[in-house]
Amino acid sequence: MTDMPAPRLAAEVFQQRLLDWFDRYGRHDLPWQSPRSAYRVWVSEIMLQQTQVATVIAYFERFMARFPTLEALAEAPQDEVLHLWTGLGYYARARNLHKAAQVALEAHNGELPTDSVEGLMALPGIGRSTAGAIIAQSTGRRAAILDGNVKRSLTRLHAVAGWPGKPAVERKLWALADYYTPDSRVADYTQAMMDFGATLCKRSTPLCGHCPFNDVCLAYAQGETKRYPESKPKKPLPTRETIMLMLYDPDGRVWLEQRPASGLWGGLWSLPQFDSQSQLASWLDDHVLGPERLPPLACFQHTFSHFRLAITPQPVSCDRLKGVREGGVWYDPSQPAELGLAAPVKSLINQLTPFTLTSTPGHA
DNA sequence: AAGCCGGGGAA
DNA sequence: TTCCCAGGCTT
């Protein structure tokens with residue numbers, strides 16, 4: 001009772017052709033490939049979710065320098081983990097990674113439970129494909145993956161219609177992915193599938209002339225590689241507006257508040273946000289002594305996957321806060337604490353340098 | 001099944 | 001500009 005489309009090649013033939021291609025043209029020098037450990041493979045797989053290899057490499061190196069072992073990660077404060085994730089996006093990945101390290105330390109003797117896909121999937125942030133990748137790459141046992149590269153390659157090879165995000169399409173692709181997965185050289189095979197999708201069966205302008213499967217690829221035979229995979233049905237992005245308060249004290253420190261633990265920018269430190277100038281004025285009135293508005297910065301837009309945020313930065317200088325506020329810190333840009341910052345917040349703070357501030361009236 | 005969750009590379 | 005990337009979680 002399988003949902004699987006007819007394979008284009010016997011599994012053994014597919015594997016042989018792919019591994020021959022990989023031995024010549026695959027990537028064999030990625031930082032998480034040597035030294036290879038379950039921990040390093042795991043961290044790389046999480047960072048690589050929805051993120052390109054070229055972007056990840058520098059983050060991975062910094063992360064490994066600071067957290068060389070699972071135990072080091074588990075015992076670190078979350079702020080430090082988010083700090084090293086700043087700019088990478090999808091911050092739930094970092095929170096889940098941190099939490100999973102703590103679970104592994106307490107419940108699995110500090111090791112990842114790589115015995116089974118189900119065991120790994122029980123950890124936060126690890127789904128079926130990531131679990132398969134970790135097992136294949138770190139243990140060499142048979143496990144299938146289905147990432148964006150594999151989805152793209154398989155939809156073309158088999159001319160699978162429909163957006164791969166649809167569960168019915170995804171089921172077919174999982175069946176194919178599992179069918180082609182070999183019993184031996186699984187780590188190489190998994191890496192080969194990802195390399196093949198990333199460097200040959202690319203999203204645009206795939207290199208079909210050099211493809212080891214161009215004699216059996218249905219999309220190529222139809223001259224319709226462009227049509228696969230079908231794209232996600234698109235909807236217009238809604239726009240939200242916000243005012244970001246850049247409140248500076250006489251020492252040039254800026255006031256940051258921590259976001260709620262989950263949701264957008266969860267756990268990151270950000271500038272206070274307001275829906276209107278009157279709300280901003282009211283907040284200043286309630287909490288700030290001696291506020292003076294500074295020359296405004298240019299408005300700009302920050303685009304998320306599901307909406308667009310129109311940001312109006314409002315610099316304000318002050319003497320101090322009235323009383324103490326929980327969940328906030330005075331952040332010194334010249335001696336930055338190791339906190340996670342949302343990308344546009346980091347950009348704004350770096351943009352408004354200490355020199356800019358001290359050259360404005362109202363201080364010193 | 002659909003929405004939520006970032007940021008950047010590439011065309 | 002537009003698309004989407006080594007996806008997973010929540011509702």
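Note on naming: letters A, B, ... go to the chains in the order of the sequence lines (proteins, then strands), and numbering restarts at 1 for each one.
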Out of [options], which nucleotide sits closest to the side chain of [X]?
{"X": "A/Phe304", "options": "B/dG7, B/dC5, C/dA6", "value": "B/dG7"}
{"X": "A/Arg203", "options": "B/dC5, C/dC5, C/dA6", "value": "C/dC5"}
{"X": "A/Trp265", "options": "C/dG8, C/dA6, B/dG6", "value": "B/dG6"}
{"X": "A/Leu264", "options": "B/dG6, C/dA6, C/dG8", "value": "B/dG6"}
{"X": "A/Tyr90", "options": "C/dA6, B/dC5, B/dA2", "value": "B/dC5"}
{"X": "A/Ser129", "options": "B/dA11, C/dG8, B/dC5", "value": "C/dG8"}
{"X": "A/Gln191", "options": "B/dG8, B/dG7, C/dA6", "value": "C/dA6"}

Problem set entry | With sequence neighbours excluded, residues passing side-chain contact (heavy atoms from CB on, under 4.5 Å) with A/Ser44 |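 A/Ser44: side-chain contact (heavy atoms from CB on, under 4.5 Å) contacts with A/Trp32, A/Leu48, A/Phe60.
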Would you mind reading off the distance between [X] atom [atom1] and [N] atom [atom2], rounded to a whole angstrom?
{"X": "A/Lys235", "N": "C/dC4", "atom1": "NZ", "atom2": "C1'", "value": "13 Å"}
{"X": "A/Gln49", "N": "C/dG7", "atom1": "CD", "atom2": "C1'", "value": "5 Å"}
{"X": "A/Arg93", "N": "C/dC9", "atom1": "CZ", "atom2": "C1'", "value": "14 Å"}
{"X": "A/Phe307", "N": "B/dG6", "atom1": "CZ", "atom2": "P", "value": "9 Å"}
{"X": "A/Leu146", "N": "C/dA6", "atom1": "CG", "atom2": "C1'", "value": "11 Å"}
{"X": "A/Arg240", "N": "B/dC4", "atom1": "CZ", "atom2": "P", "value": "7 Å"}
{"X": "A/Tyr59", "N": "C/dC5", "atom1": "OH", "atom2": "P", "value": "20 Å"}
{"X": "A/Lys99", "N": "C/dC9", "atom1": "NZ", "atom2": "P", "value": "14 Å"}

Exercise. Does atom CD of A/Glu241 have more than 12 heavy-atom neighbours from other groups under 6.0 Å away?
Worked result: no
Problem set entry | P atoms of B/dG6 and C/dT11, separation to the nearest Å |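 Between the two P atoms, the distance is 15 Å.
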For this session: Considering only atom P, compute the distance from C/dA6 to B/dG3 and round it to an integer number of Å.
Result: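 C/dA6 and B/dG3 have their P atoms separated by 24 Å.
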Exercise. Taking the six-membered ring for Trp, are the ring centroids of A/Phe196 and A/Trp21 within less than 6.0 Å of each other?
Worked result: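 For A/Phe196 and A/Trp21, the ring centres are under 6.0 Å apart.
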Exercise. Ring centres of A/Trp283 and A/Phe274 under 6.0 Å apart?
Worked result: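 Yes, the ring centres sit under 6.0 Å apart.
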Exercise. With nearest nucleotides of DNA chain C determined for A/Gly125 and A/Pro229 from heavy-atom distances, which residue corresponds to the more 5′ nucleotide?
Worked result: A/Pro229
Can you tell me if [X] touches the phosphate of [N], counting only side-chain N or O atoms and a distance under 4.0 Å to OP1 or OP2?
{"X": "A/His302", "N": "B/dG7", "answer": "yes"}
{"X": "A/Lys234", "N": "C/dC3", "answer": "yes"}
{"X": "A/His306", "N": "B/dC5", "answer": "yes"}
{"X": "A/Gln52", "N": "B/dG8", "answer": "no"}
{"X": "A/Trp163", "N": "B/dA1", "answer": "no"}
{"X": "A/Tyr91", "N": "B/dG7", "answer": "yes"}
{"X": "A/Thr190", "N": "C/dA6", "answer": "no"}
{"X": "A/Arg152", "N": "C/dC5", "answer": "yes"}

Contact class for [X] (heavy atom, under 4.0 Å): base, sugar-phosphate, or nothing?
{"X": "A/Val56", "answer": "nothing"}
{"X": "A/Trp32", "answer": "base"}
{"X": "A/Ser305", "answer": "base"}
{"X": "A/Ala343", "answer": "sugar-phosphate"}
{"X": "A/Ser44", "answer": "nothing"}
{"X": "A/Ile46", "answer": "nothing"}
{"X": "A/Leu30", "answer": "base"}

Exercise. Between A/Gly263 and A/Ala168, which is nearer to the 5' end of DNA chain B once each is assigned its nearest nucleotide?
Worked result: A/Ala168
Exercise. If you measure only the distance, is there a donor-acceptor pair under 3.5 Å linking the side chains of A/Gln49 and A/Thr130?
Worked result: yes
For this session: Would you check if there is a donor-acceptor pair between the side chains of A/Arg308 and A/Thr303 at a distance under 3.5 Å?
Result: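 Per modelled atom types, A/Thr303 and A/Arg308 side chains form a pair under 3.5 Å.
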Exercise. Is any N or O donor-acceptor pair between the side chain of A/Thr51 and the base of B/dG6 shorter than 3.5 Å?
Worked result: yes
For this session: For a ring pair (Phe, Tyr, Trp, His ring centres under 6.0 Å) with A/His158, tell me which candidate from A/Tyr179, A/Tyr220, A/Tyr180 qualifies.
Result: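 That would be A/Tyr180; it is the only one of A/Tyr179, A/Tyr220, A/Tyr180 passing the ring pair (Phe, Tyr, Trp, His ring centres under 6.0 Å) with A/His158.
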Exercise. Does a salt bridge link A/Asp183 with A/Arg142, judged by any charged N lying under 4.0 Å from a carboxylate O?
Worked result: yes
